[in-house]
Amino acid sequence: MRIVDADILSYALLESHIATPYAKPIILKGIRGELELNVTGTTILESYNTLYWYYRVRPRKKILEKLEVIVEGLNIVNVPVDLGVRIAKEENVPLGDDLLMAAAIEERIPIIVSNDKHVERLAVKFGFIYENLIPESVRKAMGGARVSQHPILSQREG
């Protein structure tokens with residue numbers, strides 16, 4: 001049983017990102033029911049915003065079509081916002097990371113799949129298994145370089 005962070009979900013939904021080959025297989029296993037995979041509503045929103053605003057994926061409908069498959073195929077778990085805000089305040093890390101951690105705590109999900117240092121630190125602190133699917137060499141290659149656009153589907157609409 002795993003919970004997936006927005007970074008991994010976003011990479012999985014992009015077709016041409018350097019991290020897609022590492023993130024997409026776990027999402028597909030979850031959709032096919034081969035793996036119990038959880039996401040939060042916050043993760044869906046963060047992924048949407050990342051794809052739309054950061055990667056500039058257009059049209060919006062294509063993002064929503066992919067997210068609809070995620071919502072129908074994976075387990076959506078509730079986020080105890082009060083716990084997430086408390087952790088964010090105490091740990092001084094971004095709120096989205098803490099909401100993910102709060103959901104893992106509340107739902108007793110032992111494995112957190114992410115590519116985020118804050119999530120890694122929190123996972124270790126709270127006794128969870130941290131799973132980063134992106135190899136170190138790929139993480140170094142990603143290194144903060146921004147790519148202006150990644151089409152969400154091979155075939156694009158005008």
Atom pair [atom1] ([X]) and [atom2] ([Y]), whose distance is rounded to the nearest 0.5 Å:
| X | Y | atom1 | atom2 | answer |
| --- | --- | --- | --- | --- |
| I112 | N38 | CD1 | CG | 11.0 Å |
| L133 | R139 | CG | CZ | 10.0 Å |
| Y11 | T50 | OH | OG1 | 8.5 Å |
| N78 | L99 | CG | CG | 12.0 Å |
| L100 | I105 | CG | CD1 | 10.0 Å |
| R60 | L64 | CZ | CG | 7.5 Å |

Where do [X] and [Y] come nearest, in terms of heavy atoms and distance?
| X | Y | answer |
| --- | --- | --- |
| R108 | M1 | O-CE, 3.4 Å |
| I134 | A19 | CD1-CB, 3.6 Å |
| L74 | G30 | CD2-C, 3.4 Å |
| A141 | I18 | CB-CD1, 3.7 Å |
| A103 | V77 | CB-CG2, 4.2 Å |
| I76 | G41 | CG2-N, 4.2 Å |

Is it true that [X] and [Y] have a side-chain N and a carboxylate O under 4.0 angstrom from each other?
| X | Y | answer |
| --- | --- | --- |
| K117 | E120 | no |
| E131 | R2 | yes |
| E68 | K61 | no |
| E15 | K24 | yes |

Test of understanding: clusters of I, L, V, M, F, W, Y form through side-chain heavy atoms closer than 4.5 Å, transitively. Do [X] and [Y] belong to the same one?
| X | Y | value |
| --- | --- | --- |
| V119 | I3 | yes |
| M142 | L9 | yes |
| I70 | L45 | no |
| L51 | V69 | yes |
| V39 | I31 | yes |

Are any of the side-chain heavy atoms of [X] and [Y] separated by less than 4.5 Å?
| X | Y | result |
| --- | --- | --- |
| N75 | L37 | no |
| M101 | E91 | no |
| I27 | L13 | no |

Residues forming a side chain to side chain donor-acceptor pair (under 3.5 Å) with R86, sequence neighbours excluded: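 In terms of side chain to side chain donor-acceptor pair (under 3.5 Å), with neighbours along the sequence ignored, R86 is linked to no residue.
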Please identify each residue that fulfils side chain to side chain donor-acceptor pair (under 3.5 Å) with E72, with sequence neighbours left out.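 By the side chain to side chain donor-acceptor pair (under 3.5 Å) rule, E72 matches no residue at all.
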Quick one: does any side-chain atom of [X] pair with a main-chain N or O of [Y] as donor and acceptor, under 3.5 Å?
| X | Y | value |
| --- | --- | --- |
| D7 | N115 | yes |
| D5 | I8 | no |
| S10 | A6 | yes |

Evaluation steps, side-chain contact (heavy atoms from CB on, under 4.5 Å), between Y52 and I63: CA-CA 8 Å; Y52 191 78; I63 301 170; 3.9 Å; yes
In terms of relative ring orientation, are H17 and Y55 parallel, tilted or perpendicular, with 30° and 60° separating the classes?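 Geometry flag for Y55 against H17: perpendicular rings.
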Side chains of T40 and T43, donor plus acceptor under 3.5 Å: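 Short answer, yes.
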Between Y130 and R121: side-chain donor-acceptor atoms closer than 3.5 Å: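 Judged by distance alone, the side chains do not pair up.
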Can you tell me if N49 has over 12 outside heavy atoms packed within less than 6.0 Å of its CG?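 For N49, atom CG is crowded (more than 12 foreign heavy atoms under 6.0 Å).
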Yes or no on side-chain contact (heavy atoms from CB on, under 4.5 Å) for L122 and I87, after CA distance, side-chain angles and deciding distance? CA-CA 9 Å; L122 291 171; I87 295 170; 4.2 Å; yes
Side chain to side chain contact (heavy atoms under 4.5 Å, CB included) with D98: which of V85, V79, V93, L83?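 With D98 as partner, V85, V79, V93, L83 yield a single side chain to side chain contact (heavy atoms under 4.5 Å, CB included), made by V93.
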